[in-house]
Number of protein chains: 2
Amino acid sequence: MNPKLSMSLETYLEAIAELQARHGAVRTSDLAECIGCKRSSVTIALQRLAEKGLINYQVYRPVTLTEAGTQAITRLSRFHGIIEDFLENVLALPPDYAREEACRLEHSMSKRTIERMKNFLDFIRENGDEIAPGKISEVFAASLKIKTD
Amino acid sequence: MNPKLSMSLETYLEAIAELQARHGAVRTSDLAECIGCKRSSVTIALQRLAEKGLINYQVYRPVTLTEAGTQAITRLSRFHGIIEDFLENVLALPPDYAREEACRLEHSMSKRTIERMKNFLDFIRENGDEIAPGKISEVFAASLKIKTD
DNA sequence: TAACAGTGTTAGTGTAATCTAATTTTGGTG
DNA sequence: CACCAAAATTAGATTACACTAACACTGTTA
């Protein structure tokens, strides 16, 4: 029933979660707007997600996540958050860009790599001063030849 | 003629370059073996790559890269190398795993992010001792709670 | 040189994802 | 409360990519 989502369906599912958090009800046209596709494409995606048991879907009704959908999203958004954090705070990419890039990467990056990024971030935050006295972030910024503000 | 390759075609093109470097001639069945698909799928991909002017393709003949194909590969393999290097030497993933993961990521990671990884690696290699006396790689390994050998 | 094994291609099928255009449903309003 | 515009779905086409099965070519070898 849930043998891994395609990149496309992952994107739809995340958009549903985001809109649900922001506006409560999730409508087809908002999803289309959010993702940048036609409403008819959204409908097809919703049908697939419903088949997989991730959303509650009835035609002409707003959509909600099922328990399984919520679980899937929890995992996905944790992954997204780690990648975004890493891009922004290790590679010093601008926040907006880090977010977009995380959207692209989260669909192909393995759990193993993501957990390594997490460990790396945790370590730097706990032990930054031992490695390089002062703000560790400045070291990274220096590595990228960027100003820290 | 070359408005960006799909992930799939990028994979085929890289496999062609690798086999060409390793064995000279590039045959359909070796490509199929290398990529893990059927020979007929390779044929279709070769036709597409030929349409885009990236390979010299005549039915029943071995394939070679065109000038444009070689250029495209140069770019792709530089990107691949940087990602692999970063995964192996910053995130301390095992070499084999880093290579596979780089294959997955190189198709969705932006040039901008890749160049940041490059800057990061360069900086660490030039200035590692200032940041953390001794081998900087041990610091990273420590961050990931792994043994360095 | 005739035949065969292996290599390569074509034809036909299926799935996923997208689009446009037509149709159906909903919900608010005159 | 009947109607209309907006919203949503369906129908039908297209593109990309993979597969199986059938067919074509090639080069080696008996």
Side-chain angles (χ1 to χ4, degrees), chain A residues 1-16 19-20 22-65 69 72 76 103-104 106-108, chain B residues 1-16 19-20 22-65 69 72 76 103-104 106-108:
Chain A
M1 205 184 218
N2 194 346
K4 271 172 194 170
L5 293 174
S6 66
M7 289 184 186
S8 173
L9 288 186
E10 269 184 19
T11 301
Y12 281 101
L13 194 63
E14 286 181 293
I16 291 167
L19 291 178
Q20 182 166 17
R22 247 192 309 137
H23 299 117
V26 178
R27 301 185 322 157
T28 300
S29 35
D30 295 333
L31 272 172
E33 154 88 37
C34 175
I35 285 173
C37 69
K38 297 297 171 183
R39 290 198 298 276
S40 57
S41 306
V42 173
T43 300
I44 306 296
L46 295 180
Q47 291 167 350
R48 292 184 193 284
L49 289 171
E51 276 170 23
K52 292 178 190 294
L54 298 170
I55 60 172
N56 301 117
Y57 174 63
Q58 288 170 282
V59 291
Y60 297 112
R61 298 257 87 87
V63 173
T64 56
L65 293 171
L76 284 176
C103 285
R104 284 188 287 270
E106 66 188 339
H107 307 296
S108 46
Chain B
M1 206 184 216
N2 194 342
K4 270 173 196 171
L5 293 175
S6 66
M7 289 187 186
S8 174
L9 288 187
E10 269 185 17
T11 300
Y12 281 100
L13 194 64
E14 286 182 293
I16 291 167
L19 291 177
Q20 182 167 8
R22 254 200 295 142
H23 300 114
V26 178
R27 302 184 323 156
T28 300
S29 38
D30 296 334
L31 272 172
E33 153 88 38
C34 175
I35 285 171
C37 70
K38 298 298 173 183
R39 292 197 300 274
S40 57
S41 306
V42 173
T43 299
I44 307 297
L46 294 180
Q47 291 167 352
R48 290 184 193 285
L49 289 171
E51 275 170 25
K52 293 178 188 294
L54 299 170
I55 60 172
N56 300 116
Y57 174 65
Q58 288 171 279
V59 291
Y60 296 113
R61 300 255 86 88
V63 173
T64 56
L65 293 171
L76 284 176
C103 285
R104 284 188 286 271
E106 65 187 338
H107 307 295
S108 48

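All chains are named by letter (A, B, ...) in the order of the sequence lines, taking the proteins before the strands, and each is independently numbered beginning at 1.
Distances shown here put every side-chain N or O of B:Tyr12 at or beyond 4.0 Å from the OP1 or OP2 atom of D:dA16. A sub-4.0 Å separation between OP1 or OP2 of D:dT9 and a side-chain N or O of A:Gln47 is absent.
Going from atom CZ of B:Arg48 over to atom P of D:dT14 covers 15 Å, rounded to whole Å. Atom C1' of nucleotide D:dA13 and atom NZ of A:Lys38 are separated by 16 Å, given to the nearest angstrom. One atom, CD1 of A:Ile44, and another, P of D:dG12, lie 13 Å apart when rounded to the nearest Å. Taking atom CE of residue A:Met7 and atom P of nucleotide D:dA16, one finds them 18 Å apart after rounding to whole Å.
A heavy-atom distance below 4.5 Å is not found between the side chains of B:Leu65 and B:Val26. Within the 4.5 Å cutoff, the side chain of A:Thr11 has heavy atoms near those of the A:His107 side chain. Side-chain atoms of A:Thr28 and A:Thr43, non-hydrogen and from C-beta on, do get closer than 4.5 Å to each other. Considering only heavy atoms from C-beta on, B:Arg27 stays 4.5 Å or farther from B:Leu19 through its side chain. Considering only heavy atoms from C-beta on, B:Asp30 stays 4.5 Å or farther from B:His23 through its side chain. When side chains are defined from C-beta on, A:Leu31 counts as touching A:Ile16, because their heavy atoms get closer than 4.5 Å.
Of all heavy-atom pairs between A:Ile35 and A:Tyr12, the closest is CD1-CD2, 3.1 Å.
Evaluated for a side chain to side chain contact (heavy atoms under 4.5 Å, CB included) with B:Cys37, the options B:Ser40, B:Cys34, B:Ser41 yield exactly one hit, B:Ser41.
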Under-3.5 Å N/O pairs linking protein and nucleotides 1-8 of chain D:
| from | atom 1 | to | atom 2 | distance (Å) |
| --- | --- | --- | --- | --- |
| D:dA8 | OP1 | A:Thr28 | N | 3.4 |
| D:dA8 | OP2 | A:Ser29 | N | 2.7 |
| D:dA8 | OP2 | A:Ser29 | OG | 2.4 |
| D:dA8 | N7 | A:Arg39 | NE | 3.4 |
| D:dA8 | N7 | A:Arg39 | NH2 | 3.4 |

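Among the protein residues, B:Ser40 comes within range of the nucleic acid bases, having at least one heavy atom under 4.0 Å from a base atom.
Here the range on DNA chain C touched by chain B, meaning any atom under 4.0 Å from one of its heavy atoms, is C:dT7 to C:dT10.
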